[in-house]
Structures are given as structure tokens and as C-alpha cells.
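Structure first, then comments.
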Amino acid sequence: MYKRLRALRQASNSLKANIGLHTNVATQFARVNPTVSQISKYSTAKSVPYTADTYASKVSRDPKYKQIENKDLEYFSSVIPEQSIIFNNENDLLFYNEDWMRKYKGQSKLVLKPKTTEQVSQILKYCNDNNLAVVPQGGNTGLVGGSIPIFDEIIISLSSMNSIRSFDPVSGILKCDAGVILENADQYLRDEGYIFPLDLGAKGSCQIGGNVACNAGGLRLLRYGSLHGSVLGLEVVLPDGQIYNSMHSLRKDNTGYDLKQLFIGSEGTLGIITGVSILCPSRPQASNVAFLAVKDYETVQKVFVESRKELSEILSAFEFMDLKSQQLTAKHLGLEHPIESGEYPFYILIETSGSNKDHDDEKLETFLGNAMENGLVEDGIIAQDESQIQSLWSWRESIPEASTMNGGVYKYDVSIPLKDLYGLVEDVNTKLAEANIVDFEDGSKPVVSAIGYGHIGDGNLHLNVCVREYSPEIEKVLEPFVYEWISSKNGSISAEHGLGFQKKNYIGYSKNDQEIQMMKQIKNHYDPNGIMNPYKYI
Ligand code: FAD
Ligand code: 2HG
Ligand code: ZN
């Protein structure tokens, strides 16, 4: 059973007193690793329209790109075996053409699944020489329409490049193929006593190469930092077929430009990442998760400040969730909320990770005791074992899926200074109400609700506008309003999901003209024919 905080407060100021317990809901929670088969069942049953049709006024096929001919297929068949090629089979192509949100859909007729870096190189060189546009694809869990084609671009899937290359148990450096699934890499490291320095809800499907390509942030960036810090080297195939090899094992190397950084977050626009060398931390020996209820956003911030002060080196995650996100998740999972005692405006998940259980327990309990005493926390629970820890994380990781359950979702992943962060959700809800399209209950309006949650520890809000159907009218209410709002607070329009197709016209809200010009120069230098993931990014 979870240890309950409120009852402890009523009975005693010491959290060590062992009274007051929630009923055990841990076992009811299913671990959510959205695999391919799980993905579509939560989204709208209707078929997804082609992005080229939905956004016909914004994008048209560039005639400079050649269409696939028989001789191209013959060439690809000479490089990889027939079973690594999907051609003209609509059913088999569907997964690769449609995105996770079922918002974007391309019309590719060809998927290639190379097994080696050399094969990727031969394919890319051929495409470059013949003006064939390509989309690199990992697990296709990206949330900005970057991983699917817009027209007939060839999809190059890394899913068959999925081997661990090496692991050094002294330094903790893992070298692997780009197509290794994140959860598999973490499982491998678990056996070695290490942990992958990134964790996120799509871990069961997303790939390390995809994570690096969009510089994913995830649930523990607060502790382990960004991939810009932990990635030590990359192997990348450039559009002309050259293989850039920097699969280094060095933490420190100050010889010249740090070229690998260019590819971290480049979203498949500069080359195809085929190998990753990454520094992995030791797996924490002791973990705790607490789920807390608080009365307002102001208090979320106060609890964050206090947790950093009191938990300091053992704090490894600090997530916040608003009430509507919790109501949706409960409905989606068909479960009661972990804190069963009532509804509260905001919830917080705090994780500690350390090496000494007694020490960490004591620190967490003192912190929570103080927070209760000071009136910061209304109610809360602490996981009592590993399965409860997993259940509480699972609840948090289910929100992205829950947000799609009514039909669709407009997702915005934004960085905003903490004091203003939740204001965006409030103002978007006001804007939707003014447009008379928001309605949380009776199903009569196209927008269900705007919800907010995210990685408070990183200043990163996830604004999800849950809708019954995607529509240009709703999008017009939201954009550019959301981007203007963020810009007015000096935030970033993408904290972690990237630009993709969704935000390619809006980069100007976060980067100035000179920055955009320099990015274009880099793009033109490495990909002069523009074959890499066109119609996206900038
Ligand atoms: P894909 O979706 O296949 O591709 C993403 C982009 O990278 C595309 O532009 C693609 O062209 C490019 N790409 C993919 N592989 C390569 C490669 N080998 N070389 C070059 N380019 C490549 N993101 C976060 O940052 N934090 C989160 O907490 C988080 N949680 C998520 C939870 C869920 C349930 C879902 C569905 C998504 C979440 N995401 C999160 C978004 C997403 O960024 C991650 O799921 C993941 O990083 C994408 O990896 P992927 O292999 O699926 O890449
Ligand atoms: C998360 O933090 C992911 O759960 C996904 O970044 C957020 O779906 C979203 O908007
Ligand atoms: Zn996130």
C-alpha cells in the first residue's frame, strides 16, 4: 500500500509514524509503453487525411524531386534484400506513413530498412545523385510530424539496425546502433548496473537515433542533463554518402568544432544517424516516488524551490500535472486517481534517486513533513515498493495517450519562465471559450479541453488541446496565438519535441533572422540538393 501523507499530518508531524494508508491501487495500473499495436486504438477511428491535402495552402510537392522508377527499385534491391523493402503495399506502408497522433499522413510508396551503415551510405548517395527525397525514421513516435513523409519521400527506417556495439563497465560508455529501442538499451544497461540517461513514455517504441535526432528531453533531464551533454560521439551518414565517424569514448576533447552537436536535434535534415556513443550513469540503488496534491500553481513553484533546497542531490524528477489532465487520464485508464481522497487543482510527482535507501527515505520524509506542516501539500502518497514506483510513473506517462482519447490533440511543448508557465494553459482556455468551441463535459463542442502538465524542473510545459476532430478552424484559434504568447514571455516554441512539420513556419518566434540564416547555410552546405526530410524544420 502507498504511504499516505495527509493522515500522517493529522496524527503526527513525523512522517515516520506508520499510519493512514491508501488502498493499494498500484496493481491496477498497467505499464504503458506505447508500442505500435497499442498506438492506433486510442486515436480517432476515422482515417487520417493526407497532410498534403490538409495543408494544401501551405505546402506543395517540389518538382525538383524525382519520382521513383523501376530502375531505382532495382538499385535498392541490389543493396538490401527484398524483405528489407516495402513497396506499394498500402497496408504495410500505413504504419510508416502515419504519425503517432494520427494527425499527419504521408504518401510514400517505399520504405527501405538497411541493416548496416554501409548500406545506408549507398542508399543515401544514390538518392542524392538522383534527387530522390528521403525521410529518416526511427520508432515514429515523434510529435511534430517530422518522422513521416509529406508527399512521396522515401522512408529510410533504422529499425533493422538494432545492435549494442559495445559497453565499457568502467566508464559507463555505451555504443549502439541508432535503431536500438530505448527500453532495450536501458534493459541491457540494467544488467550492467547502469541506466540510460534518458527516459520517456514512448520508451517501448522510440529509438536511440530518433531520440538523438530530436534531442529528446524526457523525465529525468533535471538529473542527467540534455543529450547535448551525454552523447559523446555519433556515426552519421551524410547525404552524399560520406560516413562521418566520431564514435568517441572521450568525455573531454577540445580539438576544434564539436561537430556531433550539429546532428543532435537536427531532426533528420542533415544526415542519418547510424551509431551513438553515450555516457551512462550508474543505476541508482535507491529510488522513491511521491505523488502530491497542491492547491494552486503558485504552490507548485514553492514545492519545487523547497524540493531543490531540501532534496538537493537526490532529486531526480519533478513533474507537474493539472486537474483536467488527471481527469482525462483516469477516464482513459478506467482507474481511480492514485490520490483517491478528492480532486485538487494541481498534482506533483517527485522522484528521488540515490545510493542509500535509509538516507534518501529520511531526507524525503523530512522534506514532505515540512511541506505538509507549512501547508504546501494538501494530500499525497509515497510509493512503498518498486511496483508502486512503476505504477505512479505509468500514470504520469499515460497522459500523452489520454490526451488523444477523444479523437485528436494539438500538442505544444514549450519552454516558458516558470512564473508565467501555467498562464498559457489558462489563456488558451479563455481563447477557446471566447471562440465558443471548448466544452469539457457534454460532447457538443469540438474542443474537449486544454490541459497542462510537464517537466517543471526544466521549465517545460506540455499544453495539450484535446479535440474531437482535427480542424483548420480550431488550428486557426490556436496558431499563431500560442506562439505569439510564448514569444511575448521570451520562451521557446519547442522545449523538446522539435520543429518537424508542425512548427517549420514558426521558428521565427524563437530564433532571430541571423540565427535562421546561419542554420540555412549549414543545411545548404551539408544537403545542397535538399533531399533530407524536406518540407520540415526551417
Ligand atoms: P521518430 O519519431 O521516428 O523521428 C523523430 C525525428 O527524428 C524525425 O524528424 C526523423 O526524421 C528523425 N530521425 C529519426 N531517426 C533518425 C536517425 N537515425 N537519423 C536521423 N534522423 C532521425 N519527447 C521528449 O523529448 N520527451 C518526452 O518525455 C517524450 N515523451 C513522449 C511520450 C510519448 C507517449 C510519445 C508518443 C512521444 C514522446 N516524446 C517525448 C516525443 C519523441 O521525441 C520521442 O518519442 C522520441 O525521441 C522520438 O524517437 P523516434 O525513434 O520515435 O523518432
Ligand atoms: C511527455 O512529457 C512527453 O509526456 C509528451 O514529452 C508530451 O504528449 C505530450 O504533449
Ligand atoms: Zn515531455
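As the structure is a prediction and not an experimental result, all values here were calculated from the model. For the numbers below, each heavy atom of this structure counts, side chains included, while hydrogens, waters and symmetry mates do not. Just so you know, ligand 1 is whichever comes first in the structure, and atom 1 is the first atom listed for that ligand.
- Remark: distances from the non-hydrogen atoms of Gly500 to ligand 1 are all 4.0 Å or more.
- Among residues at least two apart or in separate chains, ring-ring contact (aromatic ring centres under 6.0 Å, His included) pairs with a member in residues 105-133 are Tyr75-Tyr126, Phe76-Tyr126.
- At under 3.5 Å, a nitrogen or oxygen of Gly217, whether backbone or side chain, sits near a nitrogen or oxygen of ligand 1.
- An N or O contact shorter than 3.5 Å is missing between Leu158 and ligand 1 by distance.
- Considering both main-chain and side-chain atoms, Ala213 never comes within under 3.5 Å of ligand 1 through any nitrogen or oxygen pair.
- Those atoms of ligand 1 that come under 4.0 Å of a heavy atom in Gly142, given as number and element, are 2 (O).
- A pairwise comparison of heavy atoms in Thr274 and Val237 identifies CG2-CG2, 3.9 Å as the closest pair.
- Close contacts between ligand 1 and Gln207 involve ligand atoms 50 (P), 51 (O) [criterion: under 4.0 Å to a heavy atom].
- Looking only at atom types and distance, the side chain of Glu484 has no donor-acceptor partner in the side chain of Tyr506 under 3.5 Å away.
- Protein atoms that are N, O or S and lie under 2.8 Å from the Zn ion (ligand 3) are these: His455 NE2, His462 NE2, Glu496 OE2.
- Close approach of ligand 1 to Trp100 is summarised as follows: ligand atoms under 4.0 Å from at least one heavy atom of the residue are 34 (C), 36 (C).
- The shortest N or O to N or O distance between Asn533 and ligand 1 is below 3.5 Å.
- Of the candidates Val79, Ile156, Ile272, Pro114 forms a side chain to side chain contact (heavy atoms under 4.5 Å, CB included) with just one, namely Ile156.
- Between Gly218 and ligand 1, at least one pair of N/O atoms sits closer than 3.5 Å.
- The shortest N or O to N or O distance between Gly139 and ligand 1 is under 3.5 Å.
- Set against the non-hydrogen atoms of Asn211, the atoms of ligand 1 under 4.0 Å away are 46 (C), 47 (O), 49 (O).
- Under the 4.0 angstrom criterion for non-hydrogen atoms, Gly498 is not in contact with ligand 1.
- Ring-plane geometry between Phe167 and Tyr194 is classed as perpendicular, the angle between the planes exceeding 60 degrees on a 0 to 90 degree scale with a lower cut at 30.
- With ligand atoms numbered from 1 in the order given, ligand 1 contributes 20 (C) to contacts under 4.0 Å with heavy atoms of Gly271.
- Residues that satisfy the ring-ring contact (aromatic ring centres under 6.0 Å, His included) test with Tyr526, not counting sequence neighbours, are absent from this structure.
- Listed as neighbours of ligand 2 are Leu143, Arg396, Pro400, Lys411, Tyr453, His455, His462, Asn464, Glu496, His497, each bearing a heavy atom under 4.0 Å from the ligand.
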*Tell me, with the steps shown, if Tyr104 and Tyr50 meet ring pair (Phe, Tyr, Trp, His ring centres under 6.0 Å).*
CA-CA 7 Å; Tyr104 301 106; Tyr50 289 128; over 10 Å; no

*Kindly indicate, with the supporting measurements, whether the criterion side chain to side chain contact (heavy atoms under 4.5 Å, CB included) is fulfilled by Tyr412 and Asn464.*
CA-CA 6 Å; Tyr412 302 93; Asn464 285 190; over 6 Å; no

